[in-house]
Amino acid sequence: MPRPGSAWAAALLLLALALGPGGCSEITFELPDNAKQCFYEDITQGTKCTLEFQVITGGHYDVDCRLEDPDGVVLYKEMKKQYDSFTFTASRNGTYKFCFSNEFSTFTHKTVYFDFQVGEDPPLFPSENRVSALTQMESACVSIHEALKSVIDYQTHFRLREAQGRSRAEDLNTRVAYWSIGEAIILLVVSIGQVFLLKSFFSDKRTTTTRVGS
């Protein structure tokens with residue numbers, strides 16, 4: 001039976017790794033209109049990486065994305081994408097560059113979220129890759145750790161969906177408000193025009209008679 005102290009230590013280690021996994025970058029940034037933003041990451045050959053992005057607010061919720069290796073070879077390129085995910089294995093050591101472009105937009109700026117994962121998460125226990133089987137406590141901690149990572153991913157996606165849905169609702173509300181104001185102005189102008197038109201129908205027209213003497 002494990003000691004209480006070791007159980008608490010395992011739980012704290014589990015929470016620390018679940019809340020702050022290594023090799024992962026999550027950033028939300030503003031991308032102005034006619035602008036381009038690039039990010040750089042040093043990656044070792046043979047490392048598996050995943051780039052995932054989503055446009056949260058702005059315009060049609062789309063952006064251009066481009067990923068290049070240290071030699072400038074394009075590994076991934078998509079135009080006007082709302083969201084996407086791309087996984088690759090580094091073919092050589094060096095600095096990899098990925099850029100987000102909003103140069104096709106003239107008036108609207110975007111809010112972009114991306115998650116760039118480099119490599120695999122470190123093992124929960126230093127002896128996890130040993131030949132012998134894990135203890136019941138260690139197996140339970142590993143299972144909980146994997147479940148917590150899935151929960152964190154789901155929470156992130158739900159937060160992004162909620163932010164995007166709120167942005168769409170605010171845009172729709174603004175358009176409806178402007179449309180209502182326009183309709184009210186048009187209705188007022190038409191009503192005033194009809195009043196003056198009807199008034200002109202019922203107004204007295206005086207005629208002037210001129211006598212011509214013989």
J.: Between K77 and D64, does any side-chain N to carboxylate O distance fall below 4.0 Å?
T.: no

J.: Please round to the nearest 0.5 Å and tell me the distance separating atom OH of Y113 and atom CD of Q54.
T.: 9.0 Å

J.: Verify the cluster assignment for L197 and L188: are they in a single hydrophobic cluster under the rule of side-chain heavy atoms below 4.5 Å apart?
T.: no

J.: Please report the shortest heavy-atom distance between N34 and E103, naming the atom on each side.
T.: OD1-O, 3.2 Å

J.: Rounded to the nearest 0.5 Å, what separation is found between the CD atom of Q45 and the OG1 atom of T47?
T.: 9.0 Å

J.: Working note: L75 + D69, criterion side chain to side chain contact (heavy atoms under 4.5 Å, CB included); need CA distance, chi angles, decisive distance, verdict.
T.: CA-CA 7 Å; L75 303 178; D69 68 0; 4.1 Å; yes

J.: Quick check for you: to the nearest 0.5 Å, what is the distance between I43 atom CD1 and F88 atom CZ?
T.: 4.5 Å

J.: Please check if F86 and Y83 belong to a single hydrophobic cluster, counting links between Ile, Leu, Val, Met, Phe, Trp and Tyr side chain heavy atoms closer than 4.5 Å.
T.: no

J.: May I ask you to check whether the SG atoms of C65 and C99 are separated by less than 2.5 Å?
T.: no

J.: Distance from H109 atom NE2 to L31 atom CG, nearest 0.5 Å?
T.: 9.5 Å

J.: Tell me if the CZ atom of F98 is crowded by more than 12 foreign heavy atoms within 6.0 Å.
T.: yes

J.: Run the side chain to side chain contact (heavy atoms under 4.5 Å, CB included) test on E41 and V118 for me, step by step, so that the C-alpha distance in whole Å, both residues' side-chain angles and the decisive distance to 0.1 Å come before the verdict.
T.: CA-CA 9 Å; E41 184 73 26; V118 180; 3.9 Å; yes

J.: Let me confirm one number: the CD-CD1 distance from Q37 to I27, rounded to the nearest 0.5 Å.
T.: 9.0 Å

J.: Evaluate side chain to side chain contact (heavy atoms under 4.5 Å, CB included) for T50 paired with S85, printing each intermediate quantity in order.
T.: CA-CA 7 Å; T50 300; S85 178; 3.8 Å; yes

J.: Check ring-ring contact (aromatic ring centres under 6.0 Å, His included) between F100 and all other residues, then give those that pass, not counting sequence neighbours.
T.: F29, F53, F114

J.: Decide side chain to side chain contact (heavy atoms under 4.5 Å, CB included) for S105 and F107; before the verdict, give the C-alpha distance in whole Å, the side-chain angles of both, and the deciding distance to 0.1 Å.
T.: CA-CA 6 Å; S105 179; F107 302 103; 5.6 Å; no

J.: Is a salt bridge present between K110 and D62, judged by a nitrogen-to-oxygen distance below 4.0 Å?
T.: yes

J.: If you round to the nearest 0.5 Å, how far is CG of L67 from OH of Y76?
T.: 9.0 Å

J.: Check the surroundings of atom CZ in R92: do more than 12 heavy atoms from other residues, nucleotides or ligands lie under 6.0 Å from it?
T.: yes

J.: Any non-hydrogen side-chain atom of K48 less than 4.5 Å from a side-chain atom of T87?
T.: yes

